[in-house]
Amino acid sequence: MNNKMRTSQNFMQRLMAMVLVVVMTGCAAKQAGPLQPGADAFPQPGGFNQYSAEQEVEIGRQVVAQADAQYPLLPPRGPVQDYVSTLGARLASNLPPNPYQFSFKVINQKEINAFALPGGPIRVNVGTLQAADSEAQLAGVLAHEIAHVYMRHATRNASKESLLQLPAAILGAITGNGALGQLAQLGIGVGVQGLFLKYSRDAESEADRVGAKLMYEAGYDPRAMSQFFEKLAGESKAGGPQFLSDHPDPGNRASAVTEAISQLPAKRYVTAGADWRAAKSAAASMKPYTGEQIAAMQRQKNGQQNGPMQNPTADAVMPNGSFQTLNQGAFSIAYPSNWKVFGDQQGGSVTIAPEAGVSGSAIAYGVMINGYSPQQQQGLSQSVSDILDSIRQSNPEVQAVSQPRQATVNGMQAMIVELRGPSPLTSNGQRVAERDTFVAVQRQDGSVVWLLFIAPEANAQALSSTYQRMIESLRVG
């Protein structure tokens, strides 16, 4: 395999990790037996994982920007934020050497919850501090989330789930900043709703176990972690805290933690100091937002940003007849010189469109270009079926209006499917129909580069020659 092909394959795998719709189920291998003291005795991540730790850090770096944009974070300095950052760093410092970039921020939200993103970003709600009866209980929550990162639960599960999930608005989403734009469309950054934030019971059990070890090494009583979770379970008769929804009880939590720490030497555990009391007092005096209030604020924000898309004039969107070439790592393609490339031209997914044909998170004219790398070897027909199934799942209004037909693009096997769905443009208050052409080209290593050519149905014929020229110009590495 040459360097160009290897670089392209690595990109496809990294992109798939960042846009897979993954609910964290069944990703943890069960571990049992008493824990042993010392940094050298930490459990190690196991199970199949096709992503490097460095890729995991990069995923988290991009996802966290979207996550933080969804929530009202506390100011970067203050008694609550300062305390949580210090406590989290103290716990994480007891891990064996690792590449993760842990950061701890507090969300001004009432519901009891916390979540961790791949590579180290950890967020905790004010409501969690308000509910914790002791510093050790809060340390248990943070240690549990740190353990999810350290044991690599997100990418372990992403490795198990091989299907690339496309953006929710696949026929109208603009990837304005490459893979990060794709993540935004998927809602991956929406903390308690997101891709990396739903845990299986096996993963929870492993996070309890590693979190208990981490608490012990940092000087906190590990039993406080299970005590806090049991307290939340006792309050769950009316639906329960969001934390328990995202972190399902693996069963016998207290006894499992007790058994895990049974061989750890007795020690004097940390007692809370003035910093805990100050943070607890400050949190108690706060009136954080409810989840419903935050969702309403986000809907208002999105409405202000996106709004209805204005119908552009033909002069503003139609190709001018002159072409230029985009050379990207995995492909090259000619496109109209009066159109613009949005996204990562060096190594990410891109959208090529006239500026007047896009608005906010919608695209009415242009082409989206992305990639799919199946976990195991399979034919192009199966890969196309996987992608089209994802399109239908994410946007039921989109329907295929033709059977996939075989073709060749510059000597490479390809398949083409015609699709129909609603356009972001409107006429007389109603969304107009959109006609789109889906093209998938299989590379020699089995991965697929796919393109989605987008146009309102009324303009599809006028754009057909331009789109055909773009297809004929496509070169896949």
Side-chain angles (χ1 to χ4, degrees), residues 19-23 66 163-176 181-190 193-195 295 298-299 302-303 305-312 317 342-343 349-354 356-372 381-405 415-440 448 450-464 467:
V19 299
L20 278 170
V21 174
V22 177
V23 178
Q66 291 295 326
L163 179 62
L164 175 69
Q165 180 71 346
L166 305 178
I170 187 67
L171 296 186
I174 177 167
T175 55
Q182 294 277 7
L183 291 167
Q185 296 301 327
L186 276 170
I188 290 174
V190 182
Q193 302 289 332
L195 165 61
Q298 192 62 37
R299 286 194 297 270
N302 289 339
Q305 288 179 344
N306 299 333
M309 186 172 179
Q310 300 298 315
N311 292 338
V317 295
F342 300 87
S349 57
V350 298
T351 293
I352 303 175
V358 300
S359 176
S361 61
I363 174 172
Y365 297 83
V367 55
M368 296 176 61
I369 309 175
N370 211 324
Y372 172 48
S381 294
Q382 184 59 54
S383 293
V384 168
S385 178
D386 291 344
I387 298 171
L388 293 179
D389 283 346
S390 295
I391 291 175
R392 285 187 285 266
Q393 290 170 10
S394 60
N395 190 344
E397 294 180 286
V398 175
Q399 299 294 328
V401 294
S402 74
Q403 292 296 319
R405 67 179 187 271
M415 297 195 78
I416 299 175
V417 185
E418 301 298 329
L419 304 172
R420 192 174 189 272
S423 170
L425 300 177
T426 60
S427 177
N428 298 321
Q430 301 294 320
R431 295 174 70 182
V432 302
E434 182 173 273
R435 192 66 175 257
D436 305 290
T437 300
F438 174 86
V439 180
V448 174
W450 59 262
L451 305 90
L452 190 68
F453 294 89
I454 301 166
E457 194 163 47
N459 302 103
Q461 185 61 39
L463 284 167
S464 62
Y467 286 168

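Remember, it's a predicted structure, so these values are computed and weren't measured experimentally.
Atoms CG and CZ, from Leu419 and Arg435 in turn, are 9.0 Å apart once rounded to the nearest 0.5 Å.
Annotation: side chain of Val317 is not in contact with side chain of Leu463 (no heavy-atom distance under 4.5 Å). Between Thr437 and Tyr467 the shortest side-chain heavy-atom distance does not fall below 4.5 Å. Residues Ile363 and Pro424 form no side-chain contact, since every pair of their non-hydrogen atoms from C-beta on lies 4.5 Å or further apart. Two residues are said to be in side-chain contact when any heavy atoms from C-beta on lie closer than 4.5 Å; Phe453 and Ile416 fail this criterion.
Just one residue in the list Val401, Val367, Ile454 forms a side chain to side chain contact (heavy atoms under 4.5 Å, CB included) with Asp436, and that residue is Ile454. Partner of Trp450 under the side chain to side chain contact (heavy atoms under 4.5 Å, CB included) criterion, chosen from Ile369, Ile387, Val384, Val439: Ile387. Checking each of Gln399, Glu457, Glu397 against Arg420 for a side chain to side chain donor-acceptor pair (under 3.5 Å) leaves exactly one that passes, namely Glu457.
Looking at every heavy atom in both residues, Met415 comes nearest to Pro404 through CE-CB, 3.6 Å. Contact record, Val417 with Ser402: CG1-O, 3.6 Å, taken as the closest heavy-atom pair. Shown here for Ala364 and Pro456, the closest heavy-atom pair between the two residues is O-CD, 3.3 Å.
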